[in-house]
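Down below is the structure, laid out as structure tokens.
Basis for what follows: all heavy atoms, side chains included, without hydrogens, waters or symmetry-related copies. Every chain is numbered from 1, with letters handed out A, B, ... down the list of sequences.
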Amino acid sequence: MRLVMYPFKEIEAKWQRRWEESGTHRIDTSHPERHKYYCLVMFNYPSSDKLHIGHWYNYGPTDTWARYKKMQGFRVFEPMGYDAFGLPAENYAIEKGVHPAHSTAENIKQIRQQLKAIGAMYDFEDKEIDTSSPQYYRWTQWLFLKLYKNGLAYRKKAPVNWCPKCHTVLANEQVIDGRCERCSSAVTKKDLVQWFFKITRYADALLHGYKKIDWPEKTVLMQKNWIGRSEGVEMSFFVERSSKTIDVFTTRADTLFGVTYLVLAPEYPLVNELTVHSRKEKVAAYVEEAKMETEIERASIIREKTGIFTGSYATHPLSGERIPIWIADYVLTSYGTGAVMAVPAHDQRDFEFAKKFNLPIRQVIVPEKAPNNEQAYTGEGKMVNSGSFNELLSRDGRERIADCLEKEGKGKRKINYRLRDWLISRQRYWGAPIPIIYCKSCGEVPVSEDDLPVLLPSEIDLKKTHGSGESPLSSIPDFVNTPCPQCGKKARREVDTMDTFVCSSWYYLRFPSPHYEKGAFDPKAVKNWLPVDHYVGGAEHAVLHLLYARFITRALYDLKLIHFDEPFMRLVHQGVITNKGVKMSKSRGNVVNPDALINQYGSDVLRMYLMFMGPYEEGGEWNDNGIRGISRFLTRIWKMASEDCHHQKITANSQELKRIKHHTIKRVTAEMERFHFNTAISALMEYVNYLAKARRQIVLSDWQKEMETLFLLIAPFAPHLGEELWTMAGHKRSVFDERWLSYDRTALEEEEVTVIIQVNGRVRGRITLPANSSEEVLRENALNDKRIQKWLAGKEVKKVIVARGKLVNIVI
RNA sequence: GCCGGAGUGGCGGAAUUGGUAUACGCGGCGGUCUCAAAAACCGUUCCCGAUUUUCGGGACGAGGGUUCGAGUCCCUCCUCCGGCACCA
């Protein structure tokens, strides 16, 4: 089964060496670039694994795209670095009994070697980033301070997501179905004082930004849903025999007259105060119980509703009715006001609750169709039982009631967001320390920018601190104890570190000037190279990294530190490569090792096969055999280019030759633009198939021209081979300094075209006619065709449809 | 439950505004070369039926509709994948 292949090993080693030696991929970012193209792929996360096929699928085709853009005359910047801080890296280190700095450095060393084997246009000498280096995280801390000083970073006590296995809190975005994104443990709630970034201030701005960026609709939709803007009314219910009010938010003010009770979240601040004496014990027990539950238990919709009556009543703002106040865990403390008005007739959750606790259900909206009494009716309809609002359509009534509440000062229109502030504290070691000092007399004091970085101490026994629930840094007195920057008295450092997503929320700004020491980024380099023109990465980051990065960019823009407010102008998600039907992962044991494949087939073949598998954005199932096809293909080109050939019979139609060449250029270019690498490669294969057949009939000079066309078109897909072939053809400079070919429209025109003839929409024959034949000519020729005659015999022709250059359809 | 996306040969997939369904590749089969095999090359390959270089019929998840004409547009349903999921 051994394939005889072209000498890929020598070729790939040779060109990788040459590229490195000549500094081909070095980009000087200090000058403005008229045709700059910042092509970025999400940088590497070196936790423990080496590069696998998934990484390759991400990096290889992106480099092909970058090289294609380079050949189109752009100055392309394509950097690579390491998102080196983080929980998995720390867990890996603990497991191996080594220091994370050590294991991370080792991993990076290995991964860098693997990255080099791809043969991408990365500049490891000059434009590499390691987020765990003090030179980098110094500026992550600076970013924190910038946000802090502008009211965008703050500390508060809140019930937060706690992962019992990773021993740290998590952001909402890192909780998937109530489980930890990293280890899948059930997440619990903990009341802790934590640091947050005020992303909610940007909720609306983030929603408006989509207009100017070219992103997959799906991703934009996911972000929009995550931000979850909803318009409604916030109104007050007065509590009987009390000065207190309960504010509720609703998007359905039209159902206000259907309110039969109020519900507070168990964590609602007034719970104790509002509970009548005789019920205090029971209510306290319920609240306690709710606290103990995990997110999964509490969020389960299969579970029956639970709740308890406080014994208190409130007054309906319009009808003046007595409304009982209940407590139930189906109301969330973190959304809206933490209290809701319950309309069981028109809200499924309230309906279930009312059924269980025998609370009244009052219909105030009548649907057009007959209502189903087993469910709440949540649609629109005509209003009833709503006093002076009766007979209105719910859509209009909603506005009238809002008007009325606003006029009487009982409520106001409001917009609520599902988005919560970004919780960035982590009770872990391997991250950027939060640059804050707590002083008994001065309070919370930020570290001076000049004193950055707050160095992560290297001496630490993670095994000892792990699992204590305390941040590992709290075990190091030398780190914790520090004089207050303001008063000089004894003070303590913040011991939590920052979420790794903070590191990656700004890295694209540092890439053009990774060694800059006077700031997080050289303003000139940023001015010259940002925003990112083309960004490639997994769709799993839709509401994590991609949302955070947009927020940080907007914040820095408002602080006038950068000149743009959207970081990534165009976004592409690579699909997922599966093996045996599922995503590759070490735990499933279905990871395909790229190193072995490079050894067997070479880097160009592997990259090209990944692109050939299917549409880039859809990914696909890995198949060991398919790669042989690409290997044959490149070897065939190699042979065609290197073997002598006697051009005996010169019978080739040069017109046809030209047409096929231009047709190929057109197709490959169009497919590239669509990001359909697979069909671009198909077009190249068809071209090679044609050339192989026509080979002996082409004069040598024409043949050489055809081959050069092929080399130019193949270069971005197989960069090492492309360079080699170009050199063999006698060229001195790099093929990537050549221009991508454009096609000649007139060369595509054919003299004759084959037109199909249909009878009642079924293909019955075909005729070849001059391309410029008129409709009349097509029609006559079709009707008079022998094969067609037999179908028309004895029938009346009702209609003839002519599509010029394509078909004639005869309707009988 | 809600919101997206997708269902085409044995397999990965193609079909750009509705106009020859299955391009390209894998695999299979037959052949050339060889002592033999591998590799390479050539041919062949959706299914059924015959009068077998030709012809007819069927097939793009299922069913219906629009149209001269539907893989493509519309409706209903089924399956798979992704996201959200008590968000008031």
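- Nucleotide B/C84 holds its C1' atom 14 Å from the CG atom of A/Leu332, rounded to whole Å.
- Rounded to the nearest Å, the gap between the C1' atom of B/U20 and that of B/G71 is 14 Å.
- Taking every heavy atom of both residues into account, A/Tyr268 and A/Gly338 meet most closely at CD1-O, 3.4 Å.
- Atoms CD (A/Glu540) and P (B/G5) sit 20 Å apart, rounded to a whole Å.
- The base of B/C68 lies outside donor-acceptor range of the side chain of A/Lys798, with no N or O pair under 3.5 Å.
- Counting non-hydrogen atoms under 4.0 angstrom, A/Arg764 reaches the backbone sugars and phosphates but no base.
- Within 4.0 Å of A/Leu807, counting heavy atoms only, lies at least one base atom of the nucleic acid.
- A cation-pi contact, defined as under 6.0 Å to the ring centre and within 45° of the axis, links A/Lys305 to A/Tyr330.
- Residue A/Arg674 places at least one side-chain N or O closer than 4.0 Å to OP1 or OP2 of B/A15.
- Contact annotation: A/Arg628 side-chain N/O to B/G27 OP1/OP2 distance is under 4.0 Å.
- Of the side-chain N and O atoms in A/Lys218, none sit less than 4.0 angstrom from OP1 or OP2 of B/G5.
- Judged by closest nucleotide on RNA chain B, A/Ile630 is the one of A/Ala339 and A/Ile630 placed further toward the 5' end.
- Among the heavy atoms of the strands, none lies under 4.0 Å from A/Val800.
- Remark: the separation of the C1' atoms in B/A70 and B/C60 is 11 Å, to the nearest Å.
- Atom NZ of A/Lys224 sits about 9.0 Å away from atom CD of A/Glu217, to the nearest 0.5 Å.
- Nearest heavy atoms, A/Ala718 versus A/Met608: CB-SD, 4.4 Å.
- Comparing the same atom, C1', in B/U72 and in B/U16 gives a spacing of 12 Å after rounding to whole Å.
- As judged by a 4.0 angstrom heavy-atom cut-off over every strand, A/Asp350 is placed among residues making no nucleic acid contact.
- Checking the phosphate oxygens (OP1, OP2) of B/G13, no side-chain nitrogen or oxygen of A/Asn623 falls inside 4.0 Å.
- Side-chain contact check for A/Tyr616 and A/Thr64: no donor-acceptor pair (N or O, by modelled atom type) lies under 3.5 Å.
- In this model, the phosphate group of B/C41 is not approached by any side-chain N or O of A/Arg632 to a distance below 4.0 Å at OP1 or OP2.
- Between the side chain of A/Asn809 and the base of B/C68, at least one donor-acceptor pair of N or O atoms lies under 3.5 Å.
- A cation-pi arrangement is not found for A/Arg550 relative to A/Trp226, the charged atom failing to lie both closer than 6.0 Å to the ring centre and inside a 45° cone about the ring normal.
- A/Glu217 comes within 4.0 angstrom of no nucleic acid atom, judged by non-hydrogen atoms across all strands.
- Within the cation-pi definition used here (under 6.0 Å to the ring centroid, within 45° of the axis), A/Arg607 does not qualify as a partner of A/Phe677.
- Mapping A/Gly761 and A/Tyr609 onto RNA chain B by nearest heavy atom places A/Tyr609 at the nucleotide closer to the 5' end.
- Dashed line: the shortest gap from a side-chain N or O of A/Thr679 to OP1 or OP2 of B/A23 is not under 4.0 Å.
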Problem - Dot-bracket pairing map - RNA chain B, Watson-Crick plus G-U, both contacts under 3.5 Å, | cross-strand - result: (((((((..(((......[....)))((((((.......))))))(((((...)))))..(((((..]....))))))))))))....

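- At a threshold of 4.0 angstrom between heavy atoms, the contacts of A/Thr635 with the nucleic acid are absent.
- The shortest distance between the side-chain N/O atoms of A/Asn760 and the OP1/OP2 oxygens of B/G69 is not below 4.0 Å.
- For B/U16, the OP1/OP2 oxygens have no side-chain nitrogen or oxygen of A/Arg667 closer than 4.0 Å.
- Taking atom C1' in both B/G25 and B/A14, the straight-line distance is 11 Å, to the nearest Å.
- Taking atom P in both B/G27 and B/A39, one finds a spacing of 9 Å when rounded to whole Å.
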